[in-house]
Amino acid sequence: MKLTQKAVSSVHRVLIYGPPKTGKTQLAGALAEFKNLIWIDMENGYTTLLKLPEEWKERIEIISLPDTRSYPIAIETCLKLIKGGPVDICEEHGKVGCPVCKKANAPTTSLELSKLGEDTVVVFDSLTQLTASAIAHITKGQPDDYKLDYSDWGNLGKLMEIFLSHVQQAPFNIVCISHETEAELEDGKVKLVPVAGTRAFSRNTAKYFDHVVYAEVKNKKHNFYSSTTSAANLNTGSRTGIVLESSPSQALIQMFRQPSGPSENSKATDALTKLSTTITTGTAPQGVKVGSIMDRINANKPK
């Protein structure tokens with residue numbers, strides 16, 4: 001097939017990373033102005049989303065994974081979920097096909113990510129916790145002071161590669177959130193890269209995504225960078241050339257829908273303005289369309 005015959009992808013995979021408390025969750029959450037969100041919460045970070053307008057919150061489905069060192073459920077559930085097939089996740093344990101909850105007829109959430117439409121984005125929060133979960137899974141049964149050996153680090157890389165390879169080929173929209181770490185590249189330069197497995201694996205994480213965004217707080221302002229030339233020490237970039245640092249709105253929606261004119265840019269700007277007003281005043285803005293996430297997801301399922 002010639003390049004001229006290839007269709008432009010209608011789905012996008014975005015990675016947002018940076019230090020804690022730099023607006024990563026807020027940036028992804030603002031997508032709820034335009035999209036339905038399925039939020040895979042591994043860090044109990046949904047409280048940040050409570051600042052959003054009520055109409056936006058109606059479009060966010062939270063899947064809580066109570067991941068701990070002694071109960072590393074995140075890596076198990078996410079590996080099953082990311083493959084796109086039908087799964088039932090129990091609300092109490094965050095486990096796929098939980099026999100305990102099935103027997104008790106306890107509440108579960110049914111998902112089939114491969115059937116999602118373009119109006120939905122799946123958010124994994126975060127790759128940092130997913131890495132910790134994978135380590136806990138690999139070292140299960142070992143004492144708390146156990147140090148990973150060479151084969152353990154290799155197994156960690158395999159688990160993260162399985163997850164991210166499915167992210168790379170996913171037929172649905174994805175946002176992954178992570179923190180930062182320093183890594184020495186092959187040319188000897190040190191860069192800030194997203195945490196995803198070992199330090200060596202983390203330096204190549206960007207290849208699995210269409211857009212890589214760095215978040216920081218500078219001069220009392222949240223700043224987001226997506227250009228490959230943002231800074232020499234940052235691992236950032238956008239395959240479609242979206243430059244968040246030069247946009248007055250800095251809205252992530254640009255990466256999921258190319259602006260077609262002034263009206264689209266205005267929508268993006270309005271989204272951030274409404275979110276800022278809500279956070280400052282605690283009052284939800286008027287005039288935002290109401291929608292149920294599950295209704296909109298079900299509307300996209302085959303008849």
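- Here the CZ-CD distance, from R199 to E184, works out to 10.5 Å after rounding to the nearest 0.5 Å.
- A salt bridge is defined here as a Lys NZ or Arg NE, NH1 or NH2 lying under 4.0 Å from an Asp or Glu carboxylate O, and K35 with D119 fails to meet this definition.
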For I253 and L31, run side-chain contact (heavy atoms from CB on, under 4.5 Å): C-alpha distance rounded to whole Å, both residues' side-chain angles, the deciding distance at 0.1 Å, then the answer.
CA-CA 6 Å; I253 190 63; L31 285 171; 4.1 Å; yes
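- With no hydrogens or angles considered, a side-chain donor-acceptor pair links Y146 and D152 at under 3.5 Å.
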Give the table of side-chain donor-acceptor pairs shorter than 3.5 Å for residues 16-24, with sequence neighbours excluded, one pair per line with atom names and distance.
unit_1 : atom_1 : unit_2 : atom_2 : d
Y17    : OH     : L192   : O      : 2.9
Y17    : OH     : N235   : N      : 3.0
Y17    : OH     : N235   : O      : 3.0
T22    : OG1    : P19    : O      : 2.7
K24    : NZ     : G18    : O      : 3.4
K24    : NZ     : P19    : O      : 2.6

Show the atom names and distances, to 0.1 Å, of all donor-acceptor pairs under 3.5 Å that link a side chain in residues 80-105 to residues at least two apart or in another chain.
unit_1 : atom_1 : unit_2 : atom_2 : d
D88    : OD1    : S110   : OG     : 2.4
K95    : NZ     : E76    : OE2    : 2.7

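- Among all heavy-atom pairs drawn from P194 and S202, the shortest one is O-CB, 3.2 Å.
- In this model, a donor atom of one side chain and an acceptor atom of the other lie less than 3.5 Å apart for R69 and T139.
- The 12-atom threshold is exceeded at NE2 of H166, counting heavy atoms of other residues, nucleotides or ligands nearer than 6.0 Å.
- Within the model, atoms CD of E118 and CZ of F172 stand 13.5 Å from one another, a figure rounded to the nearest 0.5 Å.
- Between V175 and W39, every side-chain heavy-atom pair lies at or beyond the 4.5 Å cut-off.
- Proximity of Y225 to L244: side-chain heavy atoms (C-beta onward) are nowhere separated by under 4.5 Å.
- Not one N or O on the side chain of T77 forms a donor-acceptor pair closer than 3.5 Å with the backbone of A74.
- Proximity of a side-chain donor or acceptor of N223 to a complementary backbone N or O of K221 within less than 3.5 Å is detected.
- The 12-atom threshold is exceeded at OH of Y71, counting heavy atoms of other residues, nucleotides or ligands nearer than 6.0 Å.
- Hydrophobic clustering (ILVMFWY, side-chain heavy atoms < 4.5 Å, transitive): V195 and L15 are in distinct clusters.
- The closest side-chain heavy-atom distance from F209 to V14 is not below 4.5 Å.
- There is a side-chain donor-acceptor pair under 3.5 Å between S230 and E245.
- By the rule that hydrophobic residues join a cluster once side-chain heavy atoms approach within less than 4.5 Å of another member, L156 and I73 end up as members of one cluster.
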Go through the steps to decide whether L130 and M160 satisfy the test side-chain contact (heavy atoms from CB on, under 4.5 Å), and finish with yes or no.
CA-CA 8 Å; L130 190 65; M160 296 305 293; 4.1 Å; yes
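- Side-chain contact between L127 and I177: absent, with no pair of heavy atoms (C-beta onward) separated by less than 4.5 Å.
- Environment of CG in D149: crowded, with over 12 heavy atoms of neighbouring residues, nucleotides or ligands closer than 6.0 Å.
- If you take OG1 on T236 and OH on Y214, they are separated by 10.5 Å, rounding to the nearest 0.5 Å.
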Test side-chain contact (heavy atoms from CB on, under 4.5 Å) applied to V121 and I174, step by step
CA-CA 5 Å; V121 179; I174 294 178; 5.9 Å; no
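- Ion pairing of K57 with E54 is present here, as a side-chain N (NZ or NE/NH1/NH2) and a carboxylate O approach within less than 4.0 Å.
- For D67 (side chain) and M42 (main-chain N/O), no donor-acceptor pair under 3.5 Å exists by modelled atom type.
- Across all their heavy atoms, K207 and N204 have their closest contact at CG-O, 3.1 Å.
- Taken from CD1 in I62 to CG in D41, the straight-line distance is 6.0 Å, to the nearest 0.5 Å.
- Proximity of I60 to L52: side-chain heavy atoms (C-beta onward) are separated by under 4.5 Å at one or more points.
- At distances below 3.5 Å, not a single donor-acceptor pair connects side-chain atoms of T120 with backbone N or O atoms of L116.
- Two residues are said to be in side-chain contact when any heavy atoms from C-beta on lie closer than 4.5 Å; D125 and E43 meet this criterion.
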Could you walk me through whether F163 and F124 pass the ring-ring contact (aromatic ring centres under 6.0 Å, His included) check?
CA-CA 11 Å; F163 177 80; F124 290 92; 5.2 Å; yes
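- Between F201 and Y208, the ring planes lie parallel to each other; the angle is under 30°, not in the 30° to 60° tilted range.
- For H211 and S226, the side-chain atoms include no donor-acceptor pair closer than 3.5 Å.
- Listed here is the closest heavy atom pair of A183 and V193: CB-CG2, 3.7 Å.
- At a threshold of 4.5 Å between non-hydrogen side-chain atoms, the residues C78 and L65 count as touching.
- In this structure, OG in S133 is found 9.5 Å from CD1 in I138, a value given to the nearest 0.5 Å.
- Counting heavy-atom neighbours within 6.0 Å of Q168 CD, excluding the residue itself, gives a total above 12.
- Atom CG of L79 and atom NE2 of H137 lie 8.0 Å apart (nearest 0.5 Å).
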Could you walk me through whether T240 and M255 satisfy the side-chain contact (heavy atoms from CB on, under 4.5 Å) test, starting with their C-alpha distance in whole Å, then the side-chain angles of each, then the deciding distance to 0.1 Å, before giving a yes or no?
CA-CA 8 Å; T240 57; M255 293 180 171; 5.9 Å; no
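- Inter-residue side-chain proximity for L37 and E61 is flagged as unmet; no heavy-atom pair is nearer than 4.5 Å.
- The backbone N or O of S178 lies less than 3.5 Å from no partner atom in the side chain of S126, so there is not a single donor-acceptor pair.
- Formation of a donor-acceptor pair under 3.5 Å by the Q254 side chain with backbone atoms of A251 is found in this model.
- Residues L113 and V11 do not share a hydrophobic cluster, defined by chaining ILVMFWY side chains whose heavy atoms lie under 4.5 Å apart.
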